Number of protein chains: 2
Amino acid sequence: MSTRRGSKNSSSQDFDPTPSLGKTIQRLRKAYNMSLGDLSEHSGVAKSIISQIERNETNPTLSTVYRLSRALDTTIDEVLRTEGAALFLEHQTKSGVPILESQDGLCRLAIAGPLNLVDQVQWYDFRAKEGGVLESDPHPQGTVEHLYILAGELDVTTGEETRRVKVGETLRFRGDLPHKIVNVGAGDAHATMMLVLRQLGSADNSG
Amino acid sequence: MSTRRGSKNSSSQDFDPTPSLGKTIQRLRKAYNMSLGDLSEHSGVAKSIISQIERNETNPTLSTVYRLSRALDTTIDEVLRTEGAALFLEHQTKSGVPILESQDGLCRLAIAGPLNLVDQVQWYDFRAKEGGVLESDPHPQGTVEHLYILAGELDVTTGEETRRVKVGETLRFRGDLPHKIVNVGAGDAHATMMLVLRQLGSADNSG
DNA sequence: AGGTGTTGTTCGTTATAACGAACACCAGTT
DNA sequence: AACTGGTGTTCGTTATAACGAACAACACCT
């Protein structure tokens, strides 16, 4: 009944406490556009360990998970939460920040802006492979979305209207409606996306 | 103290990831009336380790925390949740099972019945030191509470009415009202308490 | 092509989490 | 009082989580 005796590949006896942990860490890391080295430096955890954790090859310590969680701006229990695997789009949250990522790798939306501004403005790096589609649920009322195309060609549909945008162009549209972005160009598409949230109080950023 | 050997910058990121973990584990263990040995056997974790975890003298592995969580009929999530320390009564939940315990040790309500019947009947071992008071919020509509006194003398107040019960007596009263049990005897009091929940559908124990 | 910087992985070493057995402690019993 | 069965703690050993450095795989330059 030894749990740890030969546990290398003995994944049968006591099944993985958190089968999704590795995947979750990796998803968050990528969503923040961090390399293993970045995350290592930022969290204080050796990158070799992070690599192993992501591949579920080790059985991390609480302190390790904790440090990673902090570096990823979330909490231990968020990270450990065994959420059902996402189908196409999944969105993590914590402070309401959507981190979108397509499972098949067609699209990725990575957080680019500073985390502490998350309540006012959210700033993403959007990349889509050929044919990639990103569908978004409506953001909060009053949200305005800006899209600046760095590469490729996109169709943006918001509400009933569709617009085509190319490299160098900027599109500004309502983010509080369901919207969809399709990479209609020949290769990869790349854009900077900014969400400006409606300011409610406006006086709340002290301290 | 240090998380590990000379860590990068052992400044702020080093504080205990889960200062409450040890306390939580211990509280749950005691609430289930388990000894370290019992929990060890039930969870597969060495009792020496459990002891150290409870005293926050080690930095457990996820798998360890996981096994403990399972044995305590809860999830890693619940166990790690940094809840504010309880004042007088605190109640853990998971499946709705109240585990009541007085911080100062005057009263303790320990789960006695099998966990899988938790939806139909909850069965506790109640102990109170001299002067101990247990106040309960109302249980779900239709709940009937039974109290069988094993030792001591208690005053039970439910709604507006108060009854005094002594050794050997049984009291049956509505549990869906706020109620209070006071140890009015000279020494410790001891009773078996059973909550019979109102059966709603009765067809829901498949899984 | 051959650097050059990046990525993630592998590898040997060290610190330590987990283990089991021995220990100390206390309450009940004879 | 000594004994007994239970509690929680300690102690030496073993397996391994975490580490850093060396490695490999890939892209991007010049």
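Chain A is the first sequence line, chain B the second, and so forth, proteins listed ahead of strands; every chain is numbered from 1. The analysis underlying the following values was restricted to heavy atoms, covering all of them including side chains, and did not include hydrogens, waters or symmetry mates. It should be emphasised that the depicted structure is a prediction, and the values quoted were computed from it without experimental measurement.
- The residue among B:Ser35 and B:Gln52 whose nearest nucleotide of DNA chain D lies closer to the 5′ end is B:Ser35.
- Atom CG in B:Asp188 sits about 10 Å away from atom P in C:dG28, given to the nearest Å.
- Atom CG of B:Asp38 is separated from atom P of D:dG5 by 17 Å (rounded to the nearest Å).
- Atoms CE and CG, on A:Met193 and A:Leu171 in that order, are 10.5 Å from each other to the nearest 0.5 Å.
- Looking at heavy-atom distances under 4.0 Å, A:Ser51 makes contact with a base.
- Put simply, CD on A:Glu57 is 6 Å from P on C:dT10, counting in whole angstrom units.
- Contact between the side-chain N/O atoms of B:Thr61 and the OP1/OP2 oxygens of C:dA18 is found at a separation under 4.0 Å.
- With C:dT7, D:dA17, C:dG20 as the choices, the nucleotide that has an atom nearest any side-chain atom of B:Ala46 turns out to be C:dG20.
- The interatomic distance linking B:Gln26 (CD) with D:dG8 (C1') rounds to 10 Å, in whole Å.
- Of the candidates D:dA18, D:dT9, D:dT10, D:dT9 carries the atom nearest the B:Leu36 side chain, counting heavy atoms from C-beta on.
- Atom pair B:Glu54:CD and D:dT10:C1' shows a separation of 16 Å (rounding to whole Å applied).
- Counting heavy atoms from C-beta outward, A:Val79 and A:Leu68 have side chains that stay 4.5 Å or more apart.
- Using a 4.5 Å heavy-atom cutoff, the side chains of A:Pro60 and A:Val45 are not in contact.
- As a whole-Å value, the separation of A:Glu41 CD from C:dG8 P is 14 Å.
- With a 4.5 Å cut-off on side-chain heavy atoms, A:Arg29 and A:Leu36 count as touching.
- Side-chain contact between A:Ile181 and A:Leu147 is present, with at least one heavy-atom pair separated by less than 4.5 Å.
- With the end axes of the helix from C:dG8-D:dC23 to C:dA21-D:dT10 each set by five pairs, the angle from one to the other reads 30° at 10° resolution.
- Listed pair A:Arg67 / D:dA17 fails the phosphate criterion, with no side-chain N or O lying under 4.0 Å from OP1 or OP2.
- B:Asp155 contributes atom CG, which lies 6.5 Å from atom OG1 of B:Thr162 (distance to the nearest 0.5 angstrom).
- Remark: the A:Lys47 side chain and the D:dG20 base include no donor-acceptor N/O pair separated by less than 3.5 Å.
- Within 4.0 Å (heavy atoms only), B:Ser48 reaches at least one base atom of the nucleic acid.
- Taking atom CG on A:Leu68 and atom P on D:dA18, their separation rounds to 9 Å, with Å as the unit.
- Atoms CD1 (B:Ile49) and C1' (D:dT10) sit 12 Å apart, rounded to a whole Å.
- Within the model, atoms CD of B:Gln26 and CG of B:Asn56 stand 10.0 Å from one another, a figure rounded to the nearest 0.5 Å.
- A sub-4.0 Å separation between OP1 or OP2 of C:dG8 and a side-chain N or O of A:Arg29 is present.
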